*Asks:* 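Submitted below is the structure of interest, expressed as structure tokens.
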Amino acid sequence: MGARWKLGRQFGWLWAAYAVSAFGTWLAFDAFPMIAIMVLHAGAAQVSLLAAAGLAVGAAVAVPLGPWMEFRRKRPVMITMDVVRFAALMTVPVLFLLGRLTFVQLVVVSVVVSAADIAFTAASGAYLKALVPREDLLVANARFESTSWTATMLGPQIGGAAIGLFGPVMAVAANAVSFLLSAAGIRAIGGTEPRPERAGPPPRLRAGGLLEGWRCILTHPALRPLFFNQVLVGGLIMATAPLLAVLMLGSLGFAPWQYAMAFTLPCAGGLIGSRLAPRLAARFGRHRVMLISGALRACWLPGLAFVRPGTAGLVLVMAVELGLICCMGVFTPLYATYRLDRTPADRVARTLSAWSVSSKATIAILTALWGLLAAVTGPRIAIATAGVLSLATPLLLPRHEHDAPRPAPPRAGIGGEPHLMRSLHDPSERTS
């Protein structure tokens with residue numbers, strides 16, 4: 001609570017809004033596949049299509065949203081995206097009650113929610129940069145990270161019990177309500193958000209404008225390596241998740257509760273890591289801690305290829321996941337702050353949108369490729385291949401700090417309270 005009030009009442013409302021939507025999301029984590037299987041009697045191919053479409057098509061739909069929101073006030077955009085997600089998700093229980101729910105409807109809702117997720121993430125990153133002074137960005141990002149891992153640890157457990165009692169459709173309804181509560185929390189922030197400044201007339205949504213976020217990333221000496229590192233590490237980790245499920249729940253004979261425990265309990269490592277990140281950075285330096293935690297994060301994935309049946313195998317998976325998630329807990333708020341700090345103020349929304357689109361598309365592509373690889377070689381060899389490739393990803397981390405330009409003089413911040421609004425106009429200097 002102390003950190004919340006140190007960062008101000010407005011940040012407190014933003015943090016609360018994020019917490020309620022994060023718990024809602026994890027509460028309904030497996031609801032869509034369960035509805036497809038239990039209600040619509042979908043097969044494995046349809047369930048895979050549902051997961052892939054939400055990522056890939058949603059990412060494609062979100063591409064023009066970055067340029068669209070760049071020079072708009074971010075708080076109304078965030079509220080709108082929350083309302084869109086609420087409305088889309090609520091169609092599922094409504095149509096279910098009417099007996100009109102279809103598989104196509106699930107796919108459409110998945111795409112809409114995925115695109116709104118990307119837009120909300122980009123807008124909230126830009127809003128956070130304007131709301132919180134530069135020196136407090138790491139503390140703010142660490143609070144979001146710790147909340148995320150707490151939701152990851154507790155949400156599926158509570159959600160699983162709720163789904164068992166009330167069914168997956170009610171879990172989707174609860175998730176929808178969480179976005180409505182998030183919108184209310186963001187609205188309660190209050191104050192007056194200044195309209196983002198721009199030079200020249202409003203940009204048109206041409207092909208060049210749509211690619212501006214990627215141009216900013218790929219031409220920046222610090223953002224470019226960090227971008228490739230992050231999307232590859234995230235893609236490789238997520239690509240192994242369904243393969244490990246097949247391995248553990250199939251040939252190794254683990255019970256579903258053991259599989260769930262192997263991934264939920266280690267999430268405590270993310271909470272520990274995110275709480276340690278500001279302290280480690282203050283003692284050893286932000287850039288050094290980011291490099292070390294980023295390198296250590298890549299060392300754990302190969303261990304999953306050695307899982308065996310029985311208690312020893314379960315302990316191995318939990319130990320590997322604990323180490324991986326703890327390193328992620330330290331790395332993520334540092335990387336998020338580093339990226340925000342070095343992104344030009346007039347390109348934050350486009351850059352974060354392009355980053356999120358690329359990350360989701362990479363996960364979709366690598367998940368499909370590793371599925372094909374597992375079909376040919378078996379899941380264990382496919383997991384090992386991903387682990388070996390992950391060992392090379394630390395080479396992509398930015399070796400030099402690439403300090404951001406000096407901040408502009410203080411100006412009126414959101415709500416009229418003065419704080420440092422960084423204006424980073426140099427594209428050669430350049431966070432989640």
Side-chain angles (χ1 to χ4, degrees), residues 145 149 152-153 225-254 258-274 276-277 288-332 334-335 359-360 362-399:
E145 184 70 4
W149 284 113
T152 307
M153 182 168 52
L226 187 64
F227 169 76
F228 285 116
N229 172 270
Q230 184 64 10
V231 298
L232 284 175
V233 171
L236 289 171
I237 290 174
M238 295 304 296
T240 61
L243 307 183
L244 190 59
V246 170
L247 187 62
M248 292 182 67
L249 297 173
S251 59
L252 298 183
F254 287 100
Q258 292 175 308
Y259 173 77
M261 184 176 68
F263 293 97
T264 53
L265 292 184
C267 290
L271 181 59
I272 295 169
S274 59
L276 287 175
R288 178 183 298 178
V289 176
M290 186 180 76
L291 284 179
I292 293 174
S293 60
L296 291 175
R297 180 186 57 156
C299 297
W300 296 95
L301 197 57
L304 295 176
F306 298 97
V307 60
R308 290 289 184 270
T311 303
L314 185 63
V315 171
L316 172 65
V317 174
M318 294 177 68
V320 170
E321 289 292 325
L322 179 64
L324 172 63
I325 293 173
C326 189
C327 293
M328 290 172 64
V330 175
F331 175 82
T332 301
L334 290 165
Y335 128 80
S359 179
K360 288 180 180 291
T362 301
I363 290 172
I365 293 170
L366 291 185
T367 299
L369 289 176
W370 255 255
L372 293 174
L373 180 62
V376 175
T377 64
R380 192 182 297 275
I381 293 178
I383 292 171
T385 302
V388 171
L389 290 176
S390 73
L391 295 176
T393 58
L395 298 174
L396 295 172
L397 289 168
R399 296 297 168 187

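Numbers here are sequence positions counted from 1. For clarity, every value in this text was computed on a predicted model and none was experimentally measured.
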*Asks:* To check you understand the geometry: which heavy-atom pair defines the closest contact between Ala374 and Leu243, and what is its length?
*Replies:*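 So the two residues come closest at CB-CD2, 3.6 Å.
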*Asks:* For Trp149, what residues pass the side-chain hydrogen bond (donor to acceptor under 3.5 Å, both in side chains) criterion, not counting sequence neighbours?
*Replies:*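 Applying side-chain hydrogen bond (donor to acceptor under 3.5 Å, both in side chains) to Trp149 gives Glu145.
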*Asks:* Going by ring pair (Phe, Tyr, Trp, His ring centres under 6.0 Å), name the residues that satisfy it together with Phe228, two or more places apart in sequence or in a different chain.
*Replies:*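 In terms of ring pair (Phe, Tyr, Trp, His ring centres under 6.0 Å), with neighbours along the sequence ignored, Phe228 is linked to no residue.
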*Asks:* According to the side-chain hydrogen bond (donor to acceptor under 3.5 Å, both in side chains) rule, which pairs have a member within residues 300-329, sequence neighbours left out?
*Replies:*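 Pairs touching residues 300-329 that pass the test: none.
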*Asks:* Test your reading of the model: is there a side-chain donor-acceptor pair from Ser274 to the backbone of Leu271, 3.5 Å cut-off?
*Replies:*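 Indeed, once roles are kept as given, a pair shorter than 3.5 Å links the two residues.
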*Asks:* Which residue pairs satisfy the side-chain hydrogen bond (donor to acceptor under 3.5 Å, both in side chains) criterion with at least one member in residues 227-236, sequence neighbours excluded?
*Replies:*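 Those involving residues 227-236 are Asn229-Arg297, Gln230-Arg297.
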*Asks:* Just wondering, more than 12 heavy atoms not from Met238 lying within 6.0 Å of its CE?
*Replies:*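 Count not over threshold, so no.
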*Asks:* Which heavy atom in Arg399 sits nearest to a heavy atom in Leu291, and how many Å separate them?
*Replies:*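 For Arg399 versus Leu291, the nearest heavy atoms are O-CD1, 4.3 Å.
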*Asks:* Test of understanding: with side-chain hydrogen bond (donor to acceptor under 3.5 Å, both in side chains), list the residues that count as partners of Thr367, not counting sequence neighbours.
*Replies:*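 With neighbours one apart ignored, the set is empty.
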*Asks:* Output all residues satisfying side-chain contact (heavy atoms from CB on, under 4.5 Å) with Leu373, sequence neighbours left out; order by chain, then residue number.
*Replies:*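 With sequence neighbours excluded, Leu373 shows a side-chain contact (heavy atoms from CB on, under 4.5 Å) to Trp370, Thr377, Ala382, Thr385, given in chain and number order.
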*Asks:* Residues two or more places apart in sequence or in another chain: which of them pass side-chain contact (heavy atoms from CB on, under 4.5 Å) with Ala295?
*Replies:*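 If we apply the side-chain contact (heavy atoms from CB on, under 4.5 Å) test to Ala295, skipping adjacent residues, the hits are Pro394.
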*Asks:* Going by side-chain contact (heavy atoms from CB on, under 4.5 Å), name the residues that satisfy it together with Leu391, two or more places apart in sequence or in a different chain.
*Replies:*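 Scan of Leu391 (side-chain contact (heavy atoms from CB on, under 4.5 Å), adjacent residues dropped) gives Pro302.
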*Asks:* In chain order, what residues pass the side-chain contact (heavy atoms from CB on, under 4.5 Å) check against Phe254, with sequence neighbours excluded?
*Replies:*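 Partners of Phe254 under the side-chain contact (heavy atoms from CB on, under 4.5 Å) test: Met248, Leu252, Gln258, Val307, Leu314.
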*Asks:* Can you list everything that forms a side-chain hydrogen bond (donor to acceptor under 3.5 Å, both in side chains) with Thr393? Sequence neighbours excluded, please.
*Replies:*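 side-chain hydrogen bond (donor to acceptor under 3.5 Å, both in side chains) check on Thr393 returns nothing, list empty.
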